[in-house]
Amino acid sequence: MADYDYDVLVIGAGPGGYVAAIRAAQLGLKTACAEARETLGGTCLNVGCIPSKALLHASELYEEAKSGALAKFGVDIESARLNLTQMHSEKSKAVGELTGGIAFLFKKNKVEWLKGLATFIGKDSVEVAGKTVRAKNIVIATGSSVTPLPGVEVDSEVVVDSTGALAFPNVPEHLVVIGAGVIGLELGSVWKRLGARVTIIEYLDEILPGLDGEVRREARNIFAKQGFTFKLGTKVTAVGRNGVAATITVEPSAGGEAETIEADAVLVAIGRRPNTGGLGLDKTGLGLNKKGQIEVDHRFATAVPGIWAIGDVVPGLMLAHKAMDEGIAVAENIAGHIGIVNHAVIPSVVYTHPEIAGVGLTEEEAKTRGEIKVGKFPFAANSRAKTNRDTDGFVKVVADAKTDRVLGVHIISTLAGTMIAQAAQAMEFGATSEDIAYTCHAHPTHSEAVKEAAMAVTGKPIHI
Ligand code: FAD
Ligand code: NAI
């Protein structure tokens, strides 16, 4: 340790980096974390998970109040008025509280916060804000940023990325979203609920790539009923800005006649790419794979001894909880313990209404690996969902035909994001569908649909 300033230096204070730093400090290692932003928490807390969920929650409340949907429950609201400034202010307050909370946790755990952009100047040394620091272990947790669409300039006024779409000062009349992925649907939902007309242009023939096929189709039907316009199998060839408006030129992905769409706001949401530029990786000898990611082994060690990497900058799902779990695991590995992340059981949630959640293999993926059994149960037959007048969606359990082991669970429901945790836990414990079917679930809850879907794997649900 004599020559080193720190046992562990983490670069980036997103969910991966700040968690790694805290765990390393908890394990008795002298730890610092370098962060280029003014505040801690990375993409997730500053311009990702947290502000988007704040707007999703607030816009849902507004829509419920405004649309008269509560009247059938005996709640008459004379008039609901949007105060967008207040909505943004409450969002910023939540972000401030949470990013400040990480600063508090750093102090509590004695993690030193190095403010500034970190650049490698050697395998074990980094320059931050003009100061050179040496560390025995360096964890790269620099996250990701928006993938640009060639030829389309994000001007942050009319043509925006997700950060711009979290801060529109006015509700656009017509919002065109490029990309029917998670960001497109979540932020599209926010502005639709607040009054915008929303058109989503997607290159592929279906929305939400990567999710279970049946879930994708059902989700599209639900969103179409909500009033989204989808242009699937369509590519954007140009976006021209004319004053406060934009003209989007599109054509079929497979080629064909072009058409134009007018909009007063365009959100580019076609994915994210790892942040490695400006890191000075050439000084370390560390290379990138074809996708620009840093390859790691199961311990999150890179090819260069002493350099580790986690989160969005390494292969795998770009999700905050995956980054956090990798943060804990890498710190434990550095400290000489055994840190493991089971990448086969990482839940993912789309926070629309209804929510869409999944864990494990999709039905399509499972089929390619062997014989399977599938059980499904609709919320139209779940007593709590019926009582709440909120019956969109279903639960699907995919199990191995021979062993009955659960391979995947997929849910569309208002509460899917919360419900998926029980499926992840069951899978982590190697549960069979029978294990779930014989677990007593409280009544009346949406979670009973998970039990019934598990019972349906053997053809024996009760309520349908
Ligand atoms: P990041 O959170 O990107 O953090 C990396 C940090 O490193 C940044 O703060 C950056 O400033 C810093 N940094 C980069 N380079 C350097 C350097 N050289 N020196 C110093 N600092 C540096 N995921 C979910 O699981 N749930 C959600 O609901 C969700 N919602 C999202 C909504 C939006 C709009 C977006 C954009 C993303 C969302 N995500 C969500 C994804 C989630 O934000 C990321 O998966 C997660 O933040 C990745 O964590 P990370 O620690 O790898 O990187
Ligand atoms: P995404 O990968 O989810 O979706 C991008 C979509 O754009 C895809 O459907 C893709 O086919 C489409 N696309 C790509 N190029 C296109 C083109 N030229 N024209 C039209 N469509 C095109 O990416 P997104 O929505 O930008 O989100 C990035 C990542 O952020 C997600 O993958 C996820 O990891 C993370 N995220 C997670 C959230 C959550 O967990 N709830 C919320 C928001 C983001």
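Judged purely by atom type and a 3.5 angstrom limit, N382 uses its side chain to pair as donor or acceptor with the backbone of T445. Of the possible donor and acceptor atoms, none in the side chain of R389 sits under 3.5 Å from a partner among the backbone N and O of T391. The main-chain N or O of L70 is never found under 3.5 Å from a side-chain atom of E64 such that the two would form a donor-acceptor pair. T142 contributes a side-chain N or O that, together with a main-chain N or O of N275, makes up a donor-acceptor pair within less than 3.5 Å. Between the side chain of E355 and the backbone N or O of G417 there is at least one donor-acceptor pair closer than 3.5 Å. A side-chain donor-acceptor contact under 3.5 Å links S253 to the backbone of G233. A donor-acceptor contact shorter than 3.5 Å links the side chain of Q226 to the backbone of H353. Although no hydrogens or angles enter the test, the distance criterion places no donor-acceptor pair under 3.5 Å between the side chain of K396 and the main chain of G375. Within the 3.5 Å criterion, the main-chain N or O of F377 finds no donor-acceptor partner in the side chain of E452. Remark: the backbone N or O of V47 is not paired with any side-chain donor or acceptor of T163 at under 3.5 angstrom.
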The test is side chain to side chain contact (heavy atoms under 4.5 Å, CB included); show your working for I310 and W308 and say whether it passes. CA-CA 7 Å; I310 54 168; W308 312 72; 6.0 Å; no
What's the verdict on side chain to side chain contact (heavy atoms under 4.5 Å, CB included) for V398 and L361, showing C-alpha distance, side-chain angles and the deciding distance? CA-CA 8 Å; V398 181; L361 301 180; 5.9 Å; no
Please assess T432 against D435 for the test side chain to side chain contact (heavy atoms under 4.5 Å, CB included), listing each intermediate value before the final yes or no. CA-CA 5 Å; T432 59; D435 290 328; 3.1 Å; yes
Chi angles and distances behind the side chain to side chain contact (heavy atoms under 4.5 Å, CB included) call for I356, F223: CA-CA 12 Å; I356 303 162; F223 294 136; 3.8 Å; yes
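More than 12 heavy atoms of other residues, nucleotides or ligands sit less than 6.0 Å from atom CD of Q86. In the displayed structure, H343 atom NE2 is contacted under 6.0 Å by more than 12 heavy atoms of other residues, nucleotides or ligands. No more than 12 heavy atoms of other residues, nucleotides or ligands sit less than 6.0 Å from atom CD of E153. Around atom NE2 of H57, no more than 12 heavy atoms belonging to other residues, nucleotides or ligands sit under 6.0 Å away. Environment of CD in E434: sparse, with no more than 12 heavy atoms of neighbouring residues, nucleotides or ligands closer than 6.0 Å.
Using a 4.5 Å heavy-atom cutoff, the side chains of T234 and Y203 are not in contact. Taking 4.5 Å as the limit, some side-chain heavy atom of E428 sits within range of a side-chain heavy atom of N342. Inter-residue side-chain proximity for P274 and K291 is flagged as unmet; no heavy-atom pair is nearer than 4.5 Å. Inter-residue side-chain proximity for S59 and W191 is flagged as unmet; no heavy-atom pair is nearer than 4.5 Å. You'll find the side chain of L187 stays beyond 4.5 Å of the side chain of V177, heavy atoms only. Taking 4.5 Å as the limit, every side-chain heavy atom of K451 sits out of range of all side-chain heavy atoms of T439. Here the side chains of V236 and V176 are not in contact, with every heavy-atom distance at 4.5 Å or above. Put simply, the side chain of Y351 does not reach to within 4.5 Å of the side chain of S52, judged on heavy atoms.
Partner of K231 under the salt bridge (Lys or Arg N to Asp or Glu O under 4.0 Å) criterion, out of E251, E202, E259: E259 alone. Considering L211, D212, I222 as possible partners of I412, the one that fulfils the side-chain contact (heavy atoms from CB on, under 4.5 Å) test is I222.
When only modelled atom types and interatomic distance are considered, T199 and H174 share a side-chain donor-acceptor pair under 3.5 Å. Side chains of H443 and E448: a donor on one and an acceptor on the other come within 3.5 Å.
Residues L281 and I294 approach most closely at CD1-CD1, 4.2 Å, considering heavy atoms. The heavy-atom pair separating E173 from D264 by the smallest distance is N-OD2, 2.8 Å. A pairwise comparison of heavy atoms in I270 and P148 identifies CD1-O, 3.8 Å as the closest pair. Across every non-hydrogen atom of I200 and G184, the tightest pair is CD1-O, 3.9 Å. Taking both residues in full, the closest heavy atoms of E365 and T368 are given as O-OG1, 2.6 Å, listed atom of the first, atom of the second, then distance. Residue L84 comes nearest to V171 through the heavy atom pair CD2-N, 4.1 Å, listed as atom of the first residue, atom of the second, then distance.
Taking OG from S348 and CE from M318, the interatomic distance works out to 14.5 Å, rounded to the nearest 0.5 Å. Between the CD1 atom of I346 and the CD atom of E326 there is a distance of 7.0 Å, given to the nearest 0.5 Å. For the atom pair CD of E186 and NZ of K53, the computed distance is 3.5 Å after rounding to the nearest 0.5 Å. Within the model, atoms NE2 of H446 and CG of D390 stand 5.5 Å from one another, a figure rounded to the nearest 0.5 Å. Distance check, rounded to the nearest 0.5 Å: CD1 of I340 to CG of D325 gives 12.0 Å. Within the model, atoms CD of E363 and CG of L407 stand 11.0 Å from one another, a figure rounded to the nearest 0.5 Å.
Residues in residues 42-78 take part in these disulfide bond (SG atoms under 2.5 Å apart) pairs, two or more places apart or across chains: C44-C49.
With respect to the salt-bridge test (charged N to carboxylate O, under 4.0 angstrom), the residues D400 and R369 do not qualify. Using a 4.0 Å cut-off between charged side-chain N and carboxylate O, E364 and R216 make no salt bridge.
Listed by chain and residue number, H88 satisfy the side-chain hydrogen bond (donor to acceptor under 3.5 Å, both in side chains) test with K91 (two or more places apart in sequence, or in another chain). Scored by the side-chain hydrogen bond (donor to acceptor under 3.5 Å, both in side chains) test, T352 finds no partners at all (sequence neighbours excluded). With sequence neighbours excluded, the residues satisfying side chain to side chain contact (heavy atoms under 4.5 Å, CB included) with V95 are N46, I50, P51, T99. Take E206 and apply the salt bridge (charged side-chain N to carboxylate O under 4.0 Å, His left out) test, not counting sequence neighbours, and it matches R220. Residues forming a salt bridge (charged side-chain N to carboxylate O under 4.0 Å, His left out) with K460 (at least two apart in sequence, or on another chain): none.
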